[in-house]
Amino acid sequence: MVVAVVVLALGLLALALLTGIGERRRGAGGAVVVVAGLFFPLAWLVWHLRDEQPYRRGAAPLH
């Protein structure tokens with residue numbers, strides 16, 4: 001049981017760390033990097049909406 005909790009915690013920590021690194025590479029400052037790491041699912045959603053712009057008018061349809 002303890003091993004499963006440790007593996008889960010390390011996995012979440014790794015995702016948070018990688019998200020923070022990714023946000024830093026996108027040019028964000030230190031505070032934004034920390035927030036993105038802590039709330040990494042929300043950061044991924046923001047990245048998707050910023051990069052893909054799925055709700056933009058006149059966007060090409062997905063095939």
>> For the CG atom of Leu18 and the CG atom of Leu13, what is their distance to the nearest 0.5 Å?
In response: 9.5 Å
Check whether [X] and [Y] end up in the same hydrophobic cluster, where Ile, Leu, Val, Met, Phe, Trp and Tyr are linked by side-chain heavy atoms less than 4.5 Å apart.
X	Y	answer
Val32	Leu17	no
Phe39	Val33	no
Val46	Leu49	no
Trp47	Ile21	no
Leu8	Leu15	yes

> Restricting to pairs with a member in residues 1-18, which pass salt bridge (Lys or Arg N to Asp or Glu O under 4.0 Å), not counting sequence neighbours?
Replying inline: none
> How far apart are the closest heavy atoms of Ala16 and Gly37, and which atoms are they?
Replying inline: CB-O, 3.0 Å
>> Under the rule for side chain to side chain donor-acceptor pair (under 3.5 Å), what residues qualify as partners of Arg26, not counting sequence neighbours?
In response: Asp51
>> Listing request: all side chain to side chain donor-acceptor pair (under 3.5 Å) pairs with a residue in residues 9-20, at least two apart in sequence or in separate chains.
In response: Thr19-Trp44
